[in-house]
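Computed over heavy atoms, backbone and side chain alike; hydrogens, waters and symmetry mates excluded. In what follows, chains carry the letters A, B, and so on, assigned in the order in which the sequence lines appear, proteins first and then strands, with residues in each chain numbered from 1.
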2 protein chains.
Amino acid sequence: MIFVISGIVYFWYTATKLGMSKCEHCIVRQFNSLNTLTREELVRVSACKTGRVVKKGDIIFREGEALNGIYCIREGVCKLTKLSENGKDQVVKLSVKGGMMGQRSLVSNECSNLTAVALNDMQICFIPKQEILDDLQKNVNFSMDLLKRMAQDLRDADDSLVDMAQKTVKQRLAETLLYVKNKFDNDADGYLALTLSRDDYASIVGTATESAIRILSQFKKEGIISTKGKQIKIEDEQALKRVE
Amino acid sequence: MIFVISGIVYFWYTATKLGMSKCEHCIVRQFNSLNTLTREELVRVSACKTGRVVKKGDIIFREGEALNGIYCIREGVCKLTKLSENGKDQVVKLSVKGGMMGQRSLVSNECSNLTAVALNDMQICFIPKQEILDDLQKNVNFSMDLLKRMAQDLRDADDSLVDMAQKTVKQRLAETLLYVKNKFDNDADGYLALTLSRDDYASIVGTATESAIRILSQFKKEGIISTKGKQIKIEDEQALKRVE
DNA sequence: TACCTGATATGACAAATATCATATATTAAT
DNA sequence: ATTAATATATGATATTTGTCATATCAGGTA
């Protein structure tokens, strides 16, 4: 008898982990376009979506792959990268809890131009394209919200481009540290709550791993940051903002 | 009597130049989202739009300025730039005949994040926001088309970012020359049909003017291009593609 | 524990790029 | 046509960044 109960509990636990709980009750949707769906639309979407647990380092989808739907991030963080001709990956964006991925493939019907890799353990939901495309056509709120978010993404992309073109590696790295601080905050010990490898930092900034390490070392010497293994603590935020 | 006719002819000429000819009869709309409007919508839009002649070097709108509508380019080319903190302008995009500007401000209701400067003499039309916003809500084809184009712009932005982060100035300049060749073709003498200043090239590539000039000189020495004043002729396209 | 592997760290050097100075060519204005 | 203003060109040099080599460290595993 005890086993049966255990079995049920385990099933419920797995189901929850796999994102099979209902969209209507999921709080993360308030951060994305799904929030514009009506209750009926949401129930229908919920019925056809699938959940998935992704471990740190796992690839969610690859550049060039056909995405037959969109992903909604329930928990965790991932990086969206693009392979350059020189063989190095460039991080284009970080996607976090509440974020969606694959909207572009949804509207343009093309393969993904980016690869998504989990930076920590994640829970994501997948909504098949045919289910959501219909809503896009019929629910003006939904399409308008998507338009707004894409417009914002384009602004962000412009900003990134200008930074990449006009700022030094040191400035970009300082900005990245501030970005991580603002977006993910500190943990209980004051270290950045999102821990990235030096290699990830280099790939975000668009530089060689050694260069990123060197500059972090310099920041450390100057007392701007301190480190404990991979972890980084910002000691002097103002100094980071002043980096030239 | 002859003067009256002359007056009429002049009026017609001016009206045409100022873009007061009707959208329904304008061929450039087939290159942009306006093509998805119904005949009635188009007639209404046509009635409220205003035309404008812009001279080379003129500013169409500035970063931070409120755009109370969208622009449709009837003729000519302009650059969309963003001012970096270091005081240099970075070209984010070139917009050409048939292109539209200000869609982002349309959907997000924010000020422009870019400045538009004419690279040659232009004719542009301006459609007030309130007129077109309504169509965006009601015509699914229109909003879907806009979504598709924004998705494509985002892809392009990703590509630009990776190039900026991972390629050398020489590679980016070579790519820019190829881009201009493909997008604007050559003139009768074989020179690039779009003539840009060395400063513009530098601002597209994201480098110092001197560096752009130096690399163009090097290309010239190597026989990859030839020049006549500002004008550039690509002599060896394959070599440009091979630049490392 | 000892070992192995991958990440972090640093030095030495080479290559790429920016900056400053100055010269020359081109264009615009008078 | 002459001059002034601007754009193009090039040298000299400093700074930034990448590459390769090597050392050290941390976490996982037998």
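Between the side chain of Gln166(B) and the backbone N or O of Lys88(A), no donor-acceptor pair lies under 3.5 Å.
Residues Ser108(B) and Ala151(A) come closest through the heavy atom pair CB-CB, 4.3 Å. Taking every heavy atom of both residues into account, Ser203(A) and Gln90(A) meet most closely at O-NE2, 3.0 Å. Annotation for Met101(B) and Ala116(B): closest pair SD-CB, 4.2 Å, computed over non-hydrogen atoms. Pairing each heavy atom of Val28(B) with each of Ile73(B), the nearest pair is CG2-O, 3.8 Å.
Among the atoms of the strands shown, only primed sugar atoms or phosphate atoms (P, OP1, OP2) are found under 4.0 Å from some heavy atom of Thr207(B). Among the heavy atoms of the strands lying under 4.0 Å from Lys88(B) are primed sugar atoms or P, OP1, OP2 only; no base atom is included. Residue contacts shown for Lys220(A) are limited to sugar-phosphate atoms, with no base heavy atom under 4.0 Å away.
Applying the ring pair (Phe, Tyr, Trp, His ring centres under 6.0 Å) criterion to Tyr71(B), with sequence neighbours excluded, gives Phe61(B), Phe126(B).
Here Ser217(B) reaches the OP1 or OP2 of dT10(D): one of its side-chain N or O atoms lies under 4.0 Å away.
Here Arg104(A) does not pair with Asp153(A) in a salt bridge; the nearest charged N to carboxylate O distance is not below 4.0 Å.
A straight line from CD1 of Ile215(A) to P of dT17(D) spans 6 Å, rounded to a whole angstrom. The interatomic distance linking Gln231(A) (CD) with dG27(D) (C1') rounds to 14 Å, in whole Å. In this structure, the CD1 atom of Ile213(B) is 16 Å from the P atom of dT6(D), given to the nearest Å. What separates CG of Asp199(A) from P of dT5(C) is a distance of 20 Å, to the nearest Å. Look at NZ on Lys228(B): it is 16 Å from C1' on dT27(C), rounded to the nearest Å. Rounded to whole Å, the distance from CZ on Phe219(A) to P on dA9(C) is 14 Å. Distance NZ (Lys170(A)) to P (dA18(C)): 17 Å, rounded to an integer number of Å. The separation between Arg172(A) atom CZ and dT17(D) atom P is 7 Å, rounded to whole Å.
With dA12(D), dT10(C), dT17(C) as the candidates, the nucleotide lying closest to the side chain of Arg214(B) is dA12(D). Side-chain proximity of Lys230(B) to the nucleotides dT8(D), dG18(D), dA18(C) is greatest for dT8(D). Which of dA9(D), dA16(C), dA9(C) sits closest to the side chain of Thr168(B) comes down to dA16(C). For Val169(A), the side-chain atoms get nearest to dT17(D) when compared with the rest of dT17(D), dT8(D), dT17(C).
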Please tabulate, for the side chains in residues 232-244 of chain B, all donor-acceptor contacts under 3.5 angstrom to protein atoms that are two or more places apart in sequence or on a different chain.
residue: Lys233(B); atom: NZ; partner: Asp189(B); partner atom: O; Å: 3.2
residue: Glu235(B); atom: OE2; partner: Ser226(B); partner atom: OG; Å: 2.7
residue: Asp236(B); atom: OD1; partner: Gln238(B); partner atom: N; Å: 3.3
residue: Asp236(B); atom: OD1; partner: Ala239(B); partner atom: N; Å: 3.1
residue: Glu237(B); atom: OE1; partner: Lys181(B); partner atom: NZ; Å: 2.8

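Across the interface with DNA chain C, nearest-nucleotide mapping of Ser211(B) and Arg198(A) shows Arg198(A) to be the residue nearer the 5′ end. Comparing Glu244(B) and Glu210(B) against DNA chain C, the residue whose closest nucleotide sits nearer the 5' end is Glu244(B).
Fit an axis to the five pairs at each end of the helix from dT1(C)-dA30(D) to dT30(C)-dA1(D) and the two axes sit 30° apart, to the nearest 10 degrees.
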